[in-house]
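First the proteins, then the strands, lettered A, B, ... as listed; each starts at 1. Here the structure is a predicted model, which is why all the values come from computation and not from measurement.
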Protein chains: 2
Amino acid sequence: MREPTFWILTALASQPRYGYSVMQQVAQLSGGAVTLQAGTLYAALDRLTAEGLVELDRDEIVDGRTRRYYRLTSDGAEALGVETERLRRSLEAATSQLAARQRFGLGPAAALRAAW
Amino acid sequence: MREPTFWILTALASQPRYGYSVMQQVAQLSGGAVTLQAGTLYAALDRLTAEGLVELDRDEIVDGRTRRYYRLTSDGAEALGVETERLRRSLEAATSQLAARQRFGLGPAAALRAAW
DNA sequence: CGGCACGTTCAGATCATCTTTATATTGGCC
DNA sequence: GGCCAATATAAAGATGATCTGAACGTGCCG
């Protein structure tokens, strides 16, 4: 799962949203670090719908503009849960390896390097 | 940063390694969940070298086979650190949204939706 | 001597994402 | 009145990391 897909599922987890609302929610959740491109978003929503991770909730018309709401399916929630576990393991691995790097680089550890 | 790239940098963080050793380290760190494809690995090492995140450490010949060691550069370590922070925020967001979903009444139990 | 682990390399295909463009409405500003 | 920003979705073409699949050579072991 790539970044945009992950964030879209995350934004839809708590409640149904329409495309533009997903964009805003992702921007907020990521602290402004992630800005979904419109092309990416709507293509992803179509793809995720086809995959069954997301489904159409309803259409609303506000100020003459259509808002197409999507919701996460139970498959989508499960996929996000699996992805979250994967993130947890990745984070753990990187953290431990970076810590090992500190020990490797600091102090009189030159002998250690030779031993390896 | 994609998955394979992340794991390659992580495997190289603690010490220099050659390609095959990176594969094994990634498999171990990920608990067997990630298995790098040879094509992906060596292409990535070339690319990361060109980008300056990784650099050639040394060549060793063992049992007639060449082992090409790579090491993480300081740029590479920094990139991995940034990526790790990004993972932390992503994990946090997904966790909180999934928790909100529970409260919203759309827990993993699909039976709930049937009641609607 | 046949198979398996080791170790690297390359060509071609896939596909999510990015970029760009198009369309349409509302509302603020000069 | 005209311009621009924000809202809202859609679709076409380009990009590029990854995947697929294969090749090639060595050494170890039963």
Is the number of heavy atoms from other residues, nucleotides or ligands under 6.0 Å of A:Glu51 CD greater than 12? yes
In terms of side-chain geometry, is the basic nitrogen of B:Arg68 or B:Glu60 positioned less than 4.0 Å from the acidic oxygen of its partner? no
I'd like to know if A:Glu92 pairs up with A:Arg88 as an ion pair, taking the criterion as any Lys NZ or Arg NE/NH1/NH2 lying under 4.0 Å from an Asp or Glu carboxylate oxygen. no
Measure from the side-chain heavy atoms of [X] and tell me the nearest of [options].
X	options	answer
A:Arg67	C:dC18, D:dT9, D:dG25	D:dT9
B:Pro4	C:dC6, D:dT18, C:dT17	D:dT18
B:Arg47	C:dT19, D:dT18, C:dA5	D:dT18
B:Arg68	D:dT9, C:dT9, C:dC18	C:dT9
A:Met23	D:dC19, C:dG7, D:dT9	D:dT9
B:Asp63	D:dA8, C:dT17, D:dC28	D:dC28
B:Tyr42	D:dC19, C:dC18, C:dT8	C:dT8
A:Thr5	C:dT8, D:dT20, C:dT17	C:dT17
B:Ala44	D:dA8, C:dT17, D:dT18	D:dT18

Determine the contact category for [X]: base if any of its heavy atoms lies under 4.0 Å from a base atom, sugar-phosphate if only primed atoms, P, OP1 or OP2 are that close, otherwise nothing.
X	answer
A:Ala43	nothing
A:Gly19	sugar-phosphate
A:Thr66	sugar-phosphate

If you assign A:Thr40 and A:Gly64 each to the DNA chain C nucleotide with the nearest heavy atom, which residue ends up on the more 5' nucleotide? A:Thr40
Do the side-chain N or O atoms of A:Tyr20 get closer than 4.0 angstrom to the phosphate oxygens (OP1, OP2) of D:dA6? no
With rounding to the nearest 0.5 angstrom, report the CE to CD distance, B:Met1 to A:Glu3. 10.5 Å
Do the side chains of A:Leu80 and A:Phe6 get nearer than 4.5 Å, heavy atoms only? yes
Per nearest nucleotide of DNA chain D, the residue lying toward the 5' end, B:Val62 or A:Ala38, is A:Ala38
